[in-house]
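Letters go in sequence order (proteins before strands), and every chain restarts at 1. Keep in mind that the numbers below use all heavy atoms, side chains included, and drop hydrogens, waters and symmetry copies.
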Number of protein chains: 2
Amino acid sequence: MRSRSEEDYLKAIYSLSIKGSSTSTNEIAKALTMKASSVTDMLKKLADKKWVNYIKYKGVTLTKEGKQIALQIIRKHRLWETFLVTNLNFKWDEVHDIAEQLEHIDSIELINRLDKHLGFPKFDPHGDPIPDKNGKIQDLRKSQPLSDLKKGDKGIIIGVVDGTSIFLRYLDNEGLNLGTEIHVAEIFDFDFSYKLKINNKFLTVSERVSKNLLIQF
Amino acid sequence: MRSRSEEDYLKAIYSLSIKGSSTSTNEIAKALTMKASSVTDMLKKLADKKWVNYIKYKGVTLTKEGKQIALQIIRKHRLWETFLVTNLNFKWDEVHDIAEQLEHIDSIELINRLDKHLGFPKFDPHGDPIPDKNGKIQDLRKSQPLSDLKKGDKGIIIGVVDGTSIFLRYLDNEGLNLGTEIHVAEIFDFDFSYKLKINNKFLTVSERVSKNLLIQF
DNA sequence: ACTTTTTTTTAGTCTAGTCTAAATTAGTTT
DNA sequence: AAACTAATTTAGACTAGACTAAAAAAAAGT
Ligand SMILES: [Mn+2]
Ligand SMILES: [Mn+2]
Ligand SMILES: [Mn+2]
Ligand SMILES: [Mn+2]
């Protein structure tokens with residue numbers, strides 16, 4: 001059996017490994033708001049269970065099995081988020097903490113039935129792809145941050161980089177939802193803010209925002 | 001915050017206290033399949049938190065607050081069971097273990113929305129009443145075990161005493177579902193088995209079964 | 001190449017929650 | 001009332017998962 005702690009570590013290592021294969025003790029500690037010494041302890045335990053490849057001072061990677069577990073936890077997290085938003089009418093900024101708990105419920109049957117109940121969704125409320133029961137993520141969509149677009153470019157919002165509720169509420173407030181089509185009307189050299197045209201209305205967003213909005217291309 | 005363990009203890013004490021106000025260390029140990037010494041330790045902790053009244057060697061009762069917590073856990077357990085059966089098509093004998101985990105998810109908003117989503121059900125799949133958000137159980141139905149009925153009595157099955165999956169599957173198999181109307185055609189003195197008439201068909205059940213089937217009156 | 005800084009690990013401590021074995025208290029029987 | 005038995009508590013130990021402080025290794029700066 002796996003503890004909640006172990007699962008959270010594996011998930012963190014997976015997420016951190018997406019850019020750059022190996023992950024450092026400090027990065028994991030930061031991601032989980034723990035001390036580096038606690039992480040070292042856990043890495044040894046995870047290595048004993050063959051879920052990570054760990055070499056002292058050299059960082060850590062997931063084994064095939066560890067990666068598979070991480071993907072199952074992420075699958076559960078995203079399916080539960082989808083359930084909360086589509087069936088229980090939560091807003092997309094309210095679901096993360098609850099899913100953080102629900103993702104540890106231990107029942108494969110439960111999650112497969114939930115998946116079916118939801119109609120086998122491919123993306124969660126934040127636009128993140130949901131792994132299937134075999135851990136496959138087949139997100140064929142390509143995206144780039146808004147900050148990579150040039151004046152005159154068009155695109156559709158399909159995701160966010162920063163998933164904090166404060167950012168998500170800002171987006172709600174400004175009408176920047178997933179699926180919204182945007183058109184880059186102007187980029188101000190001065191502060192790299194973006195003037196967008198959305199349904200014939202204009203909206204200016206900061207550089208910070210432009211880096212956290214993912215646009216399909 | 002409350003741990004999963006603490007919640008399971010409070011729930012067990014509540015259930016055991018239904019018949020006879022005070023509960024013994026040994027009873028709790030048996031209910032949770034733990035050792036009596038572990039129970040003693042936990043009772044001290046629960047007493048420190050003012051959730052139980054505990055006097056050495058004298059048994060334990062829930063405080064008002066402890067009872068309220070227990071009722072909230074039971075509410076969550078029964079609502080989740082209802083969700084699993086009515087929305088995810090689980091059978092009534094498959095849901096207990098999953099609900100045993102889900103009942104510890106910490107979010108009042110979640111459970112209230114789930115309640116609403118399910119249409120504020122009053123009973124769970126096993127016929128047990130679901131406490132409302134204030135912990136009130138208003139089960140006006142009166143029931144008695146089938147074993148209390150006499151020859152010629154009629155009634156409707158509204159619950160079970162024993163909720164183990166083996167018993168529940170037996171009931172499924174014999175068509176003894178909640179809501180089924182039964183008629184006591186015969187009681188055999190020999191072994192106290194009951195011959196029932198159900199939709200003009202006859203079915204004989206053992207004394208053991210008769211003690212675990214609750215009939216409305 | 002040596003020094004300083006940063007990262008990582010080790011050593012030792014703490015708490016929650018469990019256990020076994022021994023001691024104590026309560027209840028029952030003679 | 002004493003003796004036995006059953007229930008309960010205490011004492012001591014263990015594990016998981018966290019922490020702090022100190023030591024060691026790696027990386028960066030001169
Ligand atoms: Mn989590
Ligand atoms: Mn998400
Ligand atoms: Mn439980
Ligand atoms: Mn039930």
Side-chain angles (χ1 to χ4, degrees), chain A residues 1-14 16-17 19-62 66 69-70 73 100-101 103-106, chain B residues 1-14 16-17 19-62 66 69-70 73 100-101 103-106:
Chain A
M1 243 308 67
R2 297 182 307 247
S3 70
R4 174 167 178 173
S5 246
E6 289 170 334
E7 293 187 342
D8 282 336
Y9 274 93
L10 292 175
K11 191 162 62 107
I13 295 166
Y14 177 86
L16 291 168
S17 300
K19 24 188 102 180
S21 55
S22 184
T23 307
S24 77
T25 303
N26 258 1
E27 285 175 307
I28 299 167
K30 195 171 179 192
L32 297 174
T33 49
M34 281 185 199
K35 300 297 173 179
S37 55
S38 308
V39 174
T40 301
D41 281 353
M42 182 58 93
L43 291 181
K44 290 176 188 167
K45 290 173 196 162
L46 296 177
D48 284 349
K49 299 195 175 185
K50 314 272 188 218
W51 295 335
V52 301
N53 306 112
Y54 169 58
I55 305 167
K56 262 199 212 180
Y57 295 106
K58 295 283 181 176
V60 69
T61 57
L62 292 175
I69 295 170
I73 308 298
E100 202 56 49
Q101 299 179 62
E103 70 189 359
H104 304 289
I105 300 293
D106 178 33
Chain B
M1 243 313 62
R2 299 182 306 248
S3 69
R4 174 167 179 174
S5 246
E6 289 170 335
E7 293 187 342
D8 282 336
Y9 273 93
L10 292 175
K11 192 162 61 105
I13 296 167
Y14 176 87
L16 292 169
S17 301
K19 25 188 101 178
S21 54
S22 184
T23 306
S24 77
T25 302
N26 258 1
E27 285 176 306
I28 299 167
K30 195 172 180 192
L32 297 174
T33 48
M34 281 185 200
K35 299 298 173 177
S37 56
S38 308
V39 174
T40 301
D41 281 353
M42 183 57 92
L43 291 181
K44 290 176 189 169
K45 291 173 196 164
L46 296 177
D48 284 348
K49 299 196 175 183
K50 314 272 188 218
W51 294 335
V52 301
N53 306 113
Y54 169 58
I55 305 169
K56 262 199 211 178
Y57 295 105
K58 296 282 181 175
V60 69
T61 57
L62 293 175
I69 295 170
I73 308 300
E100 202 57 49
Q101 299 178 63
E103 69 189 358
H104 304 290
I105 299 293
D106 179 32

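Considering only side-chain N and O atoms, B/Ser5 lies under 4.0 angstrom from the phosphate OP1 or OP2 of C/dT18. Between C/dT8 and A/Tyr54, no contact under 4.0 Å exists linking OP1 or OP2 to a side-chain N or O.
Distance A/Glu6 CD to D/dA18 C1': 14 Å, rounded to the nearest Å. If you take OH of A/Tyr9 and P of D/dG17, they are 9 Å apart, rounded to a whole angstrom. In this structure, the CE atom of A/Met34 is 6 Å from the P atom of D/dC19, given to the nearest Å. Atom pair A/Glu7:CD and D/dA16:C1' shows a separation of 15 Å (rounding to whole Å applied).
A distance of 7.5 Å separates CG in B/Leu62 from OG1 in B/Thr23, rounded to the nearest 0.5 Å.
Using a 4.0 Å cut-off on heavy atoms, the residues of residues 37-51 of chain B that approach DNA chain C are B/Ser37, B/Ser38, B/Asp41, B/Met42, B/Lys45, listed by number. Residues of residues 23-30 of chain B that place a heavy atom closer than 4.0 Å to DNA chain D, in numerical order, are B/Ser24, B/Thr25, B/Asn26.
Each of A/Thr33 and B/Ala36 lies near DNA chain D, and the nucleotide nearest B/Ala36 is the one positioned closer to the 5' end.
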Collect all protein-nucleotide pairs involving nucleotides 22-28 of chain D in which both atoms are nitrogen or oxygen and the distance is under 3.5 Å.
from	atom 1	to	atom 2	distance (Å)
D/dA25	O4'	A/Tyr57	OH	3.4

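With contacts defined as side-chain heavy-atom distances shorter than 4.5 Å, the pair B/Leu32/B/Val39 does not qualify.
Remark: the backbone N or O of A/Asp106 is paired with a side-chain donor or acceptor of B/Gln101 at under 3.5 angstrom.
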